[in-house]
J.: 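Can you keep this structure in mind? I'll have questions shortly.
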Amino acid sequence: MSHLRTANDDEFRAPNHSTEALALALDVRLQDLVDRDALGDLTRSVQTLFGISLRVFANDGFLLAEAVTEQEICSYVGSMSRGRVACMKTVAEARKAEPKTSYEVTHPCFTGAEYRIFSIDYDSRKLGKVVLGPFLPAETSSVPASLAEAEPGTDQKRVLELLPRMPRAKAETITLIGEHLRRTLDLILFSGHKALLTSQMHLSSVRESYRELQEKNASLQEAFDRLRELDRLKSNFLGVVSHELRTPLTSIIGYSEMLVEGIAGPLGDEQKKFVQTINEKGGQLLELIMSLLDLSKLESGTVELRKGDVAIAQLLSEVASTVAPKARRKSISLDYTADPKLPKVTGDLERLRQVFVNLADNAIKFSPTGGAVHLVAAIAATSEDAGDEAGFSLLAPSRRMIEVRVIDSGIGIPPEERDRIFDAFYQVDSSSTREHEGTGLGLSIVKRLVDAHGGKVAVSANLPSGSIFSVQLPLPSPRLEEEAIR
Amino acid sequence: MQFDFAAKELTIKLVYYGPALSGKTTNLQSLHLLASAESRGRLMTLETRDDRTLFFDMLPLTFASKSDISIRIKLFTVPGQVIHGSTRRLVLQGADGVAFVADSQLSETENNATAFVDLRENLKANGMKVAQLPLVIQFNKRDLPSIRSDAELAELARKGKEPVFPAVAMSNKGVLETFLGLLHLTYSSLDAEHRLREKFGLAGPVLVADVAKKLGSKIPAEQLLRSSLGGALDVLTAEKKAGA
């Protein structure tokens, strides 16, 4: 809270020491608050106005600015050896003179001229002084004896000629000039001090805000790391649990199947229907568990892709025939367009099949009866990506992509939901979960599989209604690709 | 507090804290008007175009005492607006005492409380405790309608620890009392910690009386101090404390 300042006080004791010292304004120096060049301009302008030389010194005796014209009488006296010594002594004394009782003091010269010294004060503290002179007091009418004493070699006639050329001023005028200078400097010092405090406070504030942000960032990072760890644990748990669930479920499905087939003796119609329901629901449960297992494997990164050359056209034809029965049941027209000459993609055939079956399944599920679903494969038109973006030549993807679009005429996905549909367990309208059965895992599995292939999946609107899911998969390097086409 | 042995100068930092627009700057302006030209420095205000304090205001006051040390008091205000949190904390650094300027209007009760919690937090961040810091509370704007009543203030002050001063800073009422109350508490506390009276022969009540005179008060300082509601501003108690 408080601090007794001692001589060996370490200047950088605490990080905020500067602010504290600044706030108490202990160490303000004249040279910190004024611009020396500008102070030079001011002194020159004062000299021009009043014809009197002046010098400005800082507290430590450092000369900050001066506007000095050598007087002829001074050069004359200075040309003689004793005169020069006396002159230098006077000037040195004038520099050292300190106003004590008031803010000004007069220092005489042996020539009869005078210097007037004004202290520069700021905030009841002395920061420096102004030495005004030499000037000849207005009432001087004769050459003082001190001149001849200091330099006996002076020619009285010459002195009488030169001395009057020195600027003359009344004592009150000099006081007024000094007062004016003090006020001008006070204004400058106040403004300078204000600017100094402001900028230092500004800097400190910025530093303080930065420190706060850093702290917040660190705690956010910590929370994020903890969440990620939790997420990993959850995936592991999901994997283990799914695996454990699957084992007894296999028995349920197997034995109910055998019951239906009559291996354990004939069943009545109703009994058969019941067991069939058990079998069917068991199958659904297994599907869900498999999806969960898939997802947890994908999330924990333990899925291995068995990569090979995949012909997209053939894959789409297989996908179309897989989902065709479902489409037929809803009277949905299903077709696919793919040039058989399309280059082959490097990927895991089974996993890619899973991706497109999933997307096609979804498209059918969310399309109304009598709707249409199209599967379209083509080389992704990278030139369209350029758009308004600057530096396309630098930013263009180095590899071409093949794009498969799954287009439906279903209920569509509101734009604000499009980022979230790839999250696990997410369904746009959770109330429609019943209407459109499903686990909510399909799209998140799709995304992770496509990611694992180094591709991208995105969704956009199919106007007037429906969605377009586009999957972009990277093609091998262009040279290989051309060879493949040939 | 800082003491410059070479120059025989004691510098005390007092901070005016409080919610936005409670009249912290107005307090300093009033004190600036009261102080004689020899005692006061320029009032430095750093404000935005709409007269809201941006960084801080600063009023330096200097009092030469009979015991030949000079007392320099730096009065600061903090910017009240919520967004200037870090600036408030910086201004608060090294404060020897705090005057909390509260707005008497009923509608501002919550803002007063929020600002006080903010003060407490910022002191804590600077390694200080509000309970150990000399603190006076000013309820400003006593001239406005729908304010907390005098009886209510007296009751609050009686229950609380800190001296409470009712004020109308705009018309200079209660400003000097608040300042002297804070100076009195602060000097007593510094004296107890650093034995200032022993070292420099300057007793708190003497300083406060001297400062009151230099701020043009015709009423004796003791009487001004007694205008506080509640709080332990009793001069004798402080004397004892300083002597202990």
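Throughout, protein chains are lettered first and strands after them, A, B, ... in sequence-line order, and every chain is numbered starting at 1.
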J.: B/S86 and A/S205: which non-hydrogen atoms are nearest, and at how many Å?
T.: OG-O, 3.7 Å

J.: If you define the side chain from C-beta out and look only at heavy atoms, does anything of B/R72 sit under 4.5 Å from A/D123?
T.: yes

J.: State the CD-CG distance between A/Q200 and B/L90, to the nearest 0.5 angstrom.
T.: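 CG of B/L90 is found 11.5 Å from CD of A/Q200.
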
J.: If you check every heavy atom in residues 29-45 of chain B against those of chain A, which residues fall under 4.5 Å?
T.: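 So far as heavy atoms go, B/R42, B/L43, B/M44, B/T45 are the residues that approach chain A to under 4.5 Å.
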
J.: Below 4.5 Å, heavy-atom pairs only: which of B/L10, B/N126, B/T62 has the largest tally toward chain A?
T.: B/T62

J.: Who pairs with B/R120 by salt bridge (Lys or Arg N to Asp or Glu O under 4.0 Å), at least two apart in sequence or on another chain?
T.: none

J.: Rounded to the nearest 0.5 Å, what separates atom CZ in B/R89 from atom CD in A/E212?
T.: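 With rounding to 0.5 Å, CZ (B/R89) is 4.5 Å from CD (A/E212).
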
J.: Counting heavy atoms not belonging to A/E215, are there more than 12 under 6.0 Å from its CD?
T.: yes

